[in-house]
Amino acid sequence: QSQLVESGGGLVQPGGSLRLSCAASGFTLDYYAIGWFRQAPGKEREGVSCISRSGSRTMYADSVKGRFTISRDNAKNTAYLQMNSLQPDDTAVYYCAGYAASIDWGCSYVLMNRWGKGTLVTVSS
């Protein structure tokens, strides 16, 4: 079964760090642009970051710029989201998603069509 599986969520204190992983199974991640999204209680889902097929291009939401870093290791069929300086407002379920990109031109939140089930990140003292 082809799927994306997130891991690495948990409880962290304000100012702490977490690294989320997004592992692809049943298909090759090489051809996919990957994005991270989050949805906090009572809020709409928002795009956090995305990365092109090769990793050469990335995008970040203003709220996470300078704190979060997206990366990928195509050899491991996995993408990552390193989250530093976490704050309570970062509390949310984090989802990874992807879409097959015919060329390595960048990434787009609106084109994501394959989704993981999410991992919960809670930032609290």
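If you read the sequence from its start, that first residue is 1, and numbering goes on from there.
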Validation row: I34, L29 side chains within 4.5 angstrom (heavy atoms)
yes
Could you check whether the rings of W115 and Y95 sit parallel, tilted or perpendicular, using 30° and 60° as the cut-offs?
perpendicular
Using every non-hydrogen atom in the two residues, find where G106 and A33 come nearest and quote the distance to one decimal.
O-CB, 4.0 Å
Would you call T69 and Y80 a side-chain contact if the rule is heavy atoms closer than 4.5 Å?
no
Contact check, side chains of C107 and M59, non-hydrogen atoms, under 4.5 Å:
yes
Is V93 close to R38 at the side-chain level, that is, under 4.5 Å between some pair of heavy atoms?
no
Looking at K76, is its backbone amide N or carbonyl O close enough to the side chain of T78 to form a donor-acceptor pair, meaning the two atoms are under 3.5 Å apart?
yes
Atom CZ in R67, atom CD in Q87: separation rounded to 0.5 Å?
6.5 Å
Any chance you could lay out the side-chain contact (heavy atoms from CB on, under 4.5 Å) test for T119 and L20, step after step, and finish with the verdict?
CA-CA 8 Å; T119 185; L20 305 183; 4.0 Å; yes
With F27 via ring-ring contact (aromatic ring centres under 6.0 Å, His included) - residues at least two apart:
Y32
Could you tell me whether the side chain of F68 reaches within less than 4.5 Å of the side chain of L86, counting heavy atoms only?
yes
Taking the side chain as everything from C-beta on, heavy atoms only, tell me whether L81 gets closer than 4.5 Å to S49.
yes
Shortest non-hydrogen contact from M112 toward G35
CE-N, 3.4 Å
Would you call C22 and W36 a side-chain contact if the rule is heavy atoms closer than 4.5 Å?
yes
Would you confirm whether N77, through its side chain, and A24, through its main-chain N or O, come within 3.5 Å as a donor-acceptor pair?
yes
S54 side chain to S56 backbone, donor-acceptor under 3.5 Å
yes
Using the six-membered ring wherever Trp is involved, compare the ring planes of F37 and Y109 and label them parallel, tilted or perpendicular (cut-offs 30° and 60°).
perpendicular
In residues 4-19, what donor-acceptor pairs under 3.5 Å come from side-chain atoms, sequence neighbours left out?
unit_1, atom_1, unit_2, atom_2, d
E6, OE1, K117, N, 3.1
E6, OE1, G118, N, 2.9
E6, OE2, C96, N, 2.9
E6, OE2, G118, N, 3.1
S17, OG, N84, OD1, 2.9

Report whether I70 and V110 are members of the same hydrophobic cluster (ILVMFWY, side-chain heavy atoms less than 4.5 Å apart, transitive linking).
no
Are any non-hydrogen side-chain atoms of Y99 and S108 less than 4.5 angstrom apart?
yes
Just by distance, do the side chain of S2 and the backbone of G26 share a donor-acceptor pair under 3.5 Å?
yes
Counting distance only, does the side-chain N/O of R53 pair as donor-acceptor with the main-chain N or O of W105 below 3.5 Å?
no
Would you find a donor on one side and an acceptor on the other, under 3.5 Å apart, between the side chain of S52 and the backbone of R57?
yes
